[in-house]
Amino acid sequence: MEEKEKKDAVKELKKKLFLQRENGYKRIDADEEKAVFDFAEEYKNFIDTAKTEREAASEAVRLLEANGFVEYKKGMKLSAGDKIYRNNRGKAVLMAIIGAESIEEGVKLCAAHIDSPRLDLKQNPLYEDTELALFKTHYYGGIKKYQWTTIPLSLHGVVVKADGETVSVNIGEDESDPVFCVTDLLPHLATEQMSRNAAKVIKGEDLNLLIGSIPFRDDESSESVKLNIMNILFEKYGITEGDFISAELEAVPAFKARDIGFDRSMIGGYGHDDRCCAFPALKAALMCKNPIHTSVTVLTDKEETGSDGNTGLCSAYLKYFIADIAESFGSNGRDVLSASECLSADVNAAFDPTFPEVNERANCAYVNKGVCITKYTGSRGKSGTSDASAEFAGRIRRLMNANNVIWQTGELGKVDAGGGGTVAAYIANLNVDTIDMGVPVLSMHAPYEVISKLDLYMAYKAFAAFIAD
Ligand code: MN
Ligand code: MN
């Protein structure tokens, strides 16, 4: 054999025997690159409008209704091609497209979460100190607290007044709105603060939201700045201080999603975790026509605090929805769930060259290498993971390849570096074959996270292929 032929043969053999992990841009054509960038525009619009679980749920319902989905009522007669949804308390949404096959063949389930780390107002949040008015907060989800200071924050949520009326709040998103912020110490006087470890540089009780400074006119008594703020809130929303007790107000970053990089290949924004999976999953459901199997997509709340509560996936609301659909066909939910498959659509950590030490390079996700399949999560020896079977991982791998989805695999960091979980375990516990699949994220859980447009689009392709299968 000639030297060149030998080399080519070795190259071919490597291609055949080694795992290929090429950059996704080397594997798509110009048409698909355009689709990648177009999809990112839709996504940015979605995350700018839907910053909280309530806003994401109501935006999802709006899109579902615009695409022919009708609100499901228990006992409703269902047949192939029907598109239904259920709104769980305005914070989680379920949707289904009835398939041609019998429901007993199982459903194709996609599950993503629409809550993200943030600062929640406490039950009695408003106080005045040294003629400044502030809100006490209690952070929601796992955050590096110091990252949430000195950035513009907006306030979203609802207040249920004493008479039962619900008032919606969304302030700080419009260019003409004021915003709020958490202050931090100037470096000149931070000698003691800078000697603390990063978890304590800013403590939970330091995350106080600055909201005002003008005293109420004609008031010489104490707390007149607080009075002035309460008066503004009463005039604008009709609320009194006691109404905060029955409120859910969430401070989130006020900035909008923007392209990152000279090549505009990435998106910076708040709450990619997990709306960069929730939006592709929703979009796949919206675009799905006459599936073979019934497809069920759930956009859930409370993942970031452990999935407990009646809008989180540890509750029975998903199980009940599937049982209700099953009953419409004279089947039972248990049999349907046992035959079902699920993509737990959640993000993974992207390899960051600035912090390479936390990842093991052969087993982590990379920007632009596609949607990431995560067979198991957990920490301290896979604790808390559902660990998908080799058979199910194999099935999903074949499905992705058959549909030209660019995908990779990755674990969340090195063994013993830390870890984390998703809703996968709670769904797998219902006797459903489940695997995690989602977009790699840089700076996960920071107020400004980064994802790749290509990986985002591949998540959409993956979920669409799964529910159509
Ligand atoms: Mn997540
Ligand atoms: Mn998270």
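Position 1 is the first residue of the sequence; numbering continues from there. This one's a predicted model, so the numbers in the text were calculated from it and none came from an experiment. For ligands, and for the atoms within them, numbers begin at 1 and follow the listed sequence.
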> Do K369 and N23 get their side chains close enough for a donor-acceptor pair, meaning under 3.5 Å?
no

> Could you check F244 against F135 for ring-ring contact (aromatic ring centres under 6.0 Å, His included), going step by step and ending with a plain yes or no?
CA-CA 11 Å; F244 287 121; F135 276 148; 5.5 Å; yes

> What protein N, O or S atoms come within a distance below 2.8 Å of the Mn ion (ligand 2), ordered by chain and number?
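D273 OD2, E304 OE1, E304 OE2, H445 NE2, with waters left out.
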
> Which residue is it: K122, K200, K145? I am looking for the one with a salt bridge (Lys or Arg N to Asp or Glu O under 4.0 Å) to E205.
K122

> Give the ring-plane orientation class for Y457 versus F39, where under 30° counts as parallel, over 60° as perpendicular and anything between as tilted.
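Y457 vs F39 ring planes: perpendicular.
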
> If the condition is side-chain hydrogen bond (donor to acceptor under 3.5 Å, both in side chains), which residues does K34 pass it with, not counting sequence neighbours?
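K34: side-chain hydrogen bond (donor to acceptor under 3.5 Å, both in side chains) contacts with D38.
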
> Give a yes-or-no answer on whether the side chains of S452 and N368 include a donor-acceptor pair shorter than 3.5 Å.
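A pair is found: one side chain offers a donor N or O, the other an acceptor, under 3.5 Å apart.
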
